[in-house]
Structure formats: C-alpha cells, structure tokens
Amino acid sequence: MDTMANSIFSLLVTILCLFLNTHISLGTDTISSSQSLSGDQTIVSAGGVFVLGFFHPGNSSNYYIGMWYKQVTAQTVVWVANREKPVLDRFASELRILDGNLVLFDESNSPIWSTNVNATMFSGGSVHVVLLDSGNLVLKDESNNNSKPLWQSFDYPTDTWLPGNKFGYNKRTKTKQVLFSWKNSEDPAPGLFSFQIDPSDTSYVTLWNRSRIYWNTGPWTGRFTLAPEKRPNIILYFEIVSNDNETSFMMHATNSTVISFLAMDLTGQMKQLMWQPANGWNVLRTFPRQQCQVYASCGSYGSCNENSIPFCHCLTGFEPKSLREWDLKHYSGGCSRKTELQCGNDSSFGSDKFLAINSMSLPENQMFVKAGSFAECESSCLTNCSCTAYAYNNSGCSIWKEDLLNLEQLGEHDNSGRTLFIRLAASEFRSSKDNKGAIIGVVLGSTAGFVIFIGLVLIIFLKRRKKIVGAGTTVGGSLMVFGYRDLQNATKNFSEILGKGGFGSVFKGVLPDSTVIAVKKLEGVGQGEKEFRAEVSIIGTIQHVNLVRLLGFCSQGTKKLLVYDYLSNGSLASHLFNIERSNILDWKTRYQIALGTAKGLVYLHEKCRDCIIHCDIKPENILLDKEFCSKVADFGLAKLVGRDFSRILTTMRGTRGYLAPEWIAGVAITSKADVYSYGMMLFEFVSGKRNSGQCELDGKISYFPCLAASVVMKGGGNILSLLDPRLEEQACIEEVERVCRVACWCIQYDEADRPSMSKVVQILEGAIEVELPPMPRSLEVFSDDLENVRYFSDPSSSKSSEAQSHMSLFLG
C-alpha cells in the first residue's frame, strides 16, 4: 500500500507541475514564470531577428542553450548559456524560471546553469525573461517599476560582441567582460584566445592563454590608434562610456538592416563579419591582420605559414596531438613527437640528431650559451636532455629547453628568418642507414645520367651561341654584349618600332643568324658603364616562364640598349583593346594571361634575391608568345633608371591610369604598388576597354572600375553584364566574379589592405576563396551619375581637391 500511495503521490505532483509550468508557445519572445523551454521549442524576438533554444554544433551529440540569427540560413550562434556544461537529451532538459532566476536543468533534473540573481531582487511570480531584437536576453521583474533588468546576457557575452552592447570594465566590482573563442567548431567551451579591455589606456587587447597579449587596438583618441581606420563600408563604430562605474565602449551599427558583428574566432583573430544573402558570411576585417600574428596559433611544434592552406603544419618528426581537433580546424593544441628522444638511452639507431629548418622565426624563451662554433652549439644542446632545439649565428648560440611555440615559416627572402635546428630521435633519419646501398646506387646512376644530359645541353647551347657570336660577345655566363652599330644594322637603323613606354622605345631586329629580337633604347639612364653592366648582369640571371628573357645589352657612352626575345603576338594591349572582332581574346585566354602575369610578379617580388618592383604594370608591358603565354616585360628597368622617375611615369600617356595612390602621395613605394596596377589592369581584362574611358551599364554612365565594384558590392547582380560585349557573355561566371573581387582588393587605397601577388595566384587558381572586398576608397569619389566630374571641374567645391587627386589615378 505504501508503494502504491507513493506512486499516486508522485503522479499527482507531476500533473501539478505540468499545470503550473507549461511549455511555451512557438513564436513568443518571452518565457514567463509559469512556462519552460524544452526540446525543439524556441523563443523568437519580436521583430524576428534572433532565436533562443537548444542547438548542437556540427556533428556533436551535445546540446546547449544558445542564441542565433533567425534570418541567416547558416545557423550562426552568437551567445551560449551553458558553454561548459552541455546536455545530452534536450527533450528531457528544461530552461525555466525558478526563485527569480532563469535556470537550465539537465536530463537528470539537476541545475547546470543559472543567472544567479540575488533572491532579494525579485518579488513572487512577476519575473519573466524576454529576447530582444538587439540579441539581448533580459530577465525582468514586472512588479518593479525600475526599468533596470535583474540580469541581461549583454553583460555576459561569450565569443561575440553585438551592436548595441557595451563591453568593458566595471570599476566597482573590478571585473572585465571577456570574449573567449570556442574550443573548436563543435565545442563552445572557452578556448585559448580571448578579447578584453585594458582600462589603463582604454584599449582592447587579444590574449593567448589569458596571459600573453599578442595584439591591441592602441589607446582611444576618438578612434583606436593601432586599429585600421574607419571606412564607409565598415558599418560598426564605437562610443566611449566612462564614469565612476565603468569604462566601456558601446558598439553601434550605422545600418540596422545589415547583420554585422565582431567575434573572437577560434583561430585567435577578432573578425568583423557581415551577412549577405547571396554570398553568405563575409569577413570585413581581422585583428590582427595576419593569421600568423596570433601567438602560438599552431600550438607547440606547429609552424604557421601565411601562404599555405591550412596555415598550420607540424614540424618534420611531429604529428597533431589530436587529429580530430585539426580536422575541426583547431590547431592550437599543437603537435607531439612521433618518436621519443633517446637522450642517455641505448638505441640501435644511435643518438639523437638535428634537422635544419630554414627561414624560421625563432621561438621565445631561448637560453644563450657560450659556444664558438656550430659544432660547440650543437654539442651543448645534444648533451642536455631537456634541450629541444638550437640556433647559431654571429650573435652566438641559443638553445631551447621547452616546447617550441609561435613558430612561423617565413619566405626565403625574408631577412628576419633564421635556421632552426630541431632535435629528433635518430630513428627519424634511419633511411640514410637502412637504405645506404640503394641510395648510393641511385645517386651514382642519377649522376651519370645527369652528366650525359648536361653534356648534350652544352653541345646544343654552344652551337647556338656560336651562331650568335657574330653579332656580339658573351659576358656573365649567358648575356651577350652587342655593339651599337650591330644593333643599328639589325634593326635597320631602328626603323620598325614595336612600342613605346616610360623607359624608351622598342624596335624589331634580326641578327645575322636570323634570330628575331626586340631592342629597347633606354632613356634617362644616368649610370656609368661599370654600374650599368653590373645591374644588367643581375637582371640577366632572372629566368621565369612568365618573364621576358633578356638576351644581351649594349652600353656605349650614353647609348644604353637592351636586347630581348621577340614575342610574335606582341603586347596584351594590342589584343585587349583591338576593335576588330577577328582578333578578340576569349575569356579562357584572358584568365590564363592574368594568372601567368601574377606568377611572373610573384617571382619578381618574392623569389629573386632582392625584391624587384616593376613600377609600370600595364597591358603594354605584358607580352604574349605564339601560344599566348604572358610574359612580363621591362622588369628591373625601374632599378636601372633609378627611383627618381615618377615624372617620367606620370607624364606618359596611358600609364597614369595604373598608378597607386602612393605615387601621388609621394610616399615610399613597395611591391604593393605593382599589386594596385595589376588590379587596375584586371578590370580591363573584363571590360576589354581602357579604365579611363566612360562606359554605360543599366542606363548609368560611369567609369568601369566604379561599375564593377558596385556590382561586386551589391552581390547577386548579373556579373556577366560587366564582360566585354564582344565576348557575348561566353565566360565562366565564377571566374569573372573572382577576377572582379581580386581587382577590388588589389586597388584598396591602403596598401596594407591589398593582397600579396602570391595570394592573388592562390585565389585565381582556386586554392583559396576570395572574400567580399570593401569599396576601394579611390572609387568613392565617383558616383553613378558622375557627380564628382562636377566637383573635379568646379574649384569652389569642397570636394574638388580630393576628386582631382583621385581622378588623376584614372585619367591619362
């Protein structure tokens, strides 16, 4: 009887609870004291902006109470309640109000998360929670006339800073609000990276492991001094709130209809995201700008490389500590050794050894030891069982006794790179012992074959050189030195001109052995004979499939000439701007020319011993061989003529339309000036017309770069409407949009916002996606109705000066 009575009593209690605590109705924005949320139920803010309910990230079987955008098709969670304590059964779990608090109960009916409001702050059953369109979940007491909420989620953000929210430091409680990255894409628990205010100088900082600052905004002076300046396309701005209670910043949105926010990404970068229905989420800004600036983003023994996908790799001899974490694109867990070190132990493979890794940034926490040579430095590390790596140079010997963190693989021409010697177990090198006989055989066979091959090449080369020697003599290995009279005869007294540029005119010629050449007569060269020969010899050693080959030169007094291979299809300009339909470059050919040109510039910027800035990228300087393979011409001429040649460039017809803003500003020129010129040229690949000419699209007259940027910014438009009409829309729409996006990135006003040419190559090859670019500032002075042409011509206009300086970038 007692058992039956207890059962009946339990049933009555359950029925009473269901009566007193009903589940909410779908679509409401409120949970009252008599309601609860469970299973697939949600509440939606009044304007239909945000949703609150149970969710599970990715393929995880764990469930969390979270908030996401209702209008965004790809579920994007911006706030999580129980980020460290998931539930397994959302139908048996419940979110309800208890004793004036919003409380989450798991499947065992145990409270695992609560708002933790002091019980004296509320009265009876008047407490309810409401989800606002701002993304703020607010706990209110209806009986209290005070509008101040009992609790709000804005005070407890997880990884996202939403517009309308204050984020900073409470002076009374001495507490900071902190954004923590997710642990990985399937676990919202706090990760290694965080974002918070530094109240001492009103700046924001990003931290690794809650201790190491690796980026900051700089102090507030009306703007954050070290953060990128505000641009019109950046729709978030900040307002400081400083009083006796707090030091905070309120973030505002300039356009409430646009979905945008800041978030601490699991990669350690703060990112500003913006949603576009046609394109999905677009990253507008990242802090820090480069991924490898995030401290220890690849964890211990992981190396970061900006030019690789993914950006993290384990060092040789190491593997990810957790393959699952790396599959989820969370790399900060780092790598572990494949084989334990043998230090002090017997091994059939011998003692530990060192692997040299070139062009590395050295990790911190090194110890300096006394050593007079590489051998002594290596020995000091090898005899110390806790030593994991060493480096040696003129400054001395450095060794490391801890896990190696914050490693970055630098470019081979980055002077800050060093050679780091990593300690590995001898078995990692066992192939050199086990396969010694086989390797010797392969080496000997390969060497013999190589010697025979080189001999044949030399015979052919010397025969060809013998034919040419009648017109000149060799110098520096392969370059020919020509006499001025020989070149005068070869070009029939320079009678057949092929083109003219900022550095001189080019003429067609034929050598005595019938080799067709292109001869460039340089103008404005002030160097002496010895210096000119030295510079030309360096240029002559540069060989790449996408660079025009230098055959030789002439230097007699003031007569300076360069001799190149003749390319039968002439310049890109002669094809791109040709009005005859019989000579039109199809889209596939244009795309390959754009890609080849980019590869040639990568070689000049990153692969040569010294970075070579072309300074005059334009269709006239892109030549085409018989297979329409693009060859960058005139590289190195800026170096030959000297850096003081802006007057030559800016007065030459047609060149001004490709000049980066740095030229007009008079600041130092970097390789990003070539990137800008390349971007301007890409627009011409699409339109088949000069950028400086007016064009019409959808009844509006403007300059083509403005129209292209406008179509790209809006998204969802007919991108093929930008295409050269002679192509009759016969092109890959994805490639056309990719080229337009890359062009917009390349012509950003701030050179730091422009991509490197190596990244451009990766994008054009489809290796990485190109994000939606911001509107280039140099295009903003042009409106669709050419209003700024009026500003340009009206000196009394307040915009006249800016319009003139920007229009000079476009008009020749």
Side-chain angles (χ1 to χ4, degrees), residues 305-308 358-361 408-419 475-480 501-503 518 520 522 525 527 530-553 560 562-565 567 593-618 621-623 625 629-643 645 649 658 660 662 668-679 681 746 751 754-762 764-765:
N305 189 336
E306 293 287 353
N307 296 318
S308 70
N358 298 321
S359 302
M360 293 291 292
S361 65
E408 181 180 359
Q409 182 69 61
L410 304 174
E412 58 181 285
H413 300 292
D414 191 325
N415 293 329
S416 63
R418 296 273 301 278
T419 299
V475 65
S478 60
L479 285 182
M480 300 290 298
F503 301 104
K520 181 147 200 160
L522 297 179
V525 179
Q527 292 180 327
K530 182 178 179 181
E531 292 79 10
F532 182 80
R533 283 173 173 261
E535 295 287 359
V536 171
S537 295
I538 293 174
I539 296 173
T541 62
I542 299 171
Q543 302 291 332
H544 189 270
V545 67
N546 295 116
L547 299 177
V548 174
R549 187 165 66 103
L550 181 66
L551 297 176
F553 65 96
K560 301 289 196 300
L562 298 176
V563 180
Y564 295 99
D565 274 335
L567 299 178
I593 291 172
L595 178 58
T597 302
K599 290 180 177 180
L601 289 175
V602 169
Y603 188 85
L604 293 177
H605 292 174
E606 303 175 15
K607 305 300 182 182
C608 298
R609 185 181 65 179
D610 298 314
C611 173
I612 295 179
I613 308 172
H614 190 288
C615 298
D616 197 17
I617 293 296
K618 57 183 178 181
N621 283 336
I622 308 301
L623 304 184
D625 65 12
C629 174
S630 59
K631 311 268 187 179
V632 179
D634 279 6
F635 61 89
L637 293 192
K639 186 175 178 63
L640 278 172
V641 177
R643 291 301 183 201
F645 59 92
L649 279 176
Y658 308 92
E662 300 94 273
I669 302 301
T670 69
S671 60
K672 291 298 182 71
D674 284 350
V675 176
Y676 185 97
S677 303
Y678 176 83
M681 190 172 66
C746 288
E751 70 172 26
R754 301 172 204 157
S756 65
M757 288 309 304
S758 58
K759 188 169 185 179
V760 169
V761 169
Q762 287 180 300
L764 293 181
E765 288 181 333

Self-check item: Sequence-distant partners of Lys599, salt bridge (Lys or Arg N to Asp or Glu O under 4.0 Å), two or more places apart
Solution: Glu765
Self-check item: Check: Asp674 side chain, Ile613 main-chain N or O, donor-acceptor pair, under 3.5 Å
Solution: no
Quiz item: Just by modelled atom types, is the Lys672 backbone N or O under 3.5 Å from a matching donor or acceptor in the Arg754 side chain?
Solution: yes
Self-check item: Test side chain to side chain donor-acceptor pair (under 3.5 Å) applied to Gln762 - qualifying residues, sequence neighbours left out
Solution: none
Exercise. Using a 4.5 Å cut-off on heavy atoms from C-beta on, say whether the side chain of Leu550 contacts that of Val563.
Key: no
Self-check item: Side chain Tyr678, main chain Val760, donor-acceptor under 3.5 Å
Solution: no
Quiz item: Between the main-chain N or O of Asn305 and the side-chain N or O of Glu408, is there a donor-acceptor pair closer than 3.5 Å?
Solution: no
Quiz item: Do the non-hydrogen side-chain atoms of Asp616 and Lys618 ever get within less than 4.5 Å of each other?
Solution: yes
Self-check item: Separation between CG of Leu562 and CG of Leu522, rounded to the nearest 0.5 Å
Solution: 4.5 Å
Practice problem: Could you list the residues that satisfy side chain to side chain donor-acceptor pair (under 3.5 Å) with Asn358, not counting sequence neighbours? | Solution: Thr419
Exercise. For the pair Lys631 and Asp565, evaluate salt bridge (Lys or Arg N to Asp or Glu O under 4.0 Å) and give the outcome as yes or no after the intermediate values.
Key: CA-CA 11 Å; Lys631 311 268 187 179; Asp565 274 335; over 6 Å; no
Practice problem: Identify, with sequence neighbours excluded, every residue that meets side chain to side chain contact (heavy atoms under 4.5 Å, CB included) alongside Ser758. | Solution: Asn307, Val602, Glu606, Ser756
Self-check item: Under the side chain to side chain contact (heavy atoms under 4.5 Å, CB included) test, residues paired with Ala673 that sit two or more places apart
Solution: Ala660, Glu662, Trp663, Ile669
Quiz item: Can you tell me how far the CD atom of Gln543 sits from the OH atom of Tyr603, to the nearest 0.5 Å?
Solution: 7.5 Å
Quiz item: CG/Leu547 to CG/Asp634 distance, rounded to the nearest 0.5 angstrom?
Solution: 11.5 Å
Practice problem: Drop me the distance from Arg549's CZ to Ile542's CD1, to the nearest 0.5 angstrom. | Solution: 14.0 Å
Quiz item: Which atom pair, heavy atoms only, marks the closest approach of Gln409 to Ser359?
Solution: NE2-O, 3.1 Å
Self-check item: Rounded distance (nearest 0.5 Å) linking atom CD of Glu751 with atom SG of Cys746
Solution: 13.0 Å
Practice problem: Heavy atoms only: give me the nearest Tyr658-Tyr676 pair and the separation to one decimal. | Solution: O-CD2, 3.8 Å
Quiz item: Shortest non-hydrogen contact from Val545 to Cys629?
Solution: O-SG, 4.0 Å
Quiz item: With a 4.5 Å limit on heavy-atom distance, are the side chains of His614 and Asn621 in contact?
Solution: yes
Quiz item: Got a second to check how far Ser677's OG is from Leu601's CG, nearest 0.5 Å?
Solution: 9.5 Å
Quiz item: Could you walk me through whether Val632 and Val548 pass the side chain to side chain contact (heavy atoms under 4.5 Å, CB included) check?
Solution: CA-CA 6 Å; Val632 179; Val548 174; over 6 Å; no
Quiz item: Which residues satisfy the side chain to side chain contact (heavy atoms under 4.5 Å, CB included) test with Ser630, sequence neighbours excluded?
Solution: Asn546, Ile593, Thr597, Ile622, Leu624
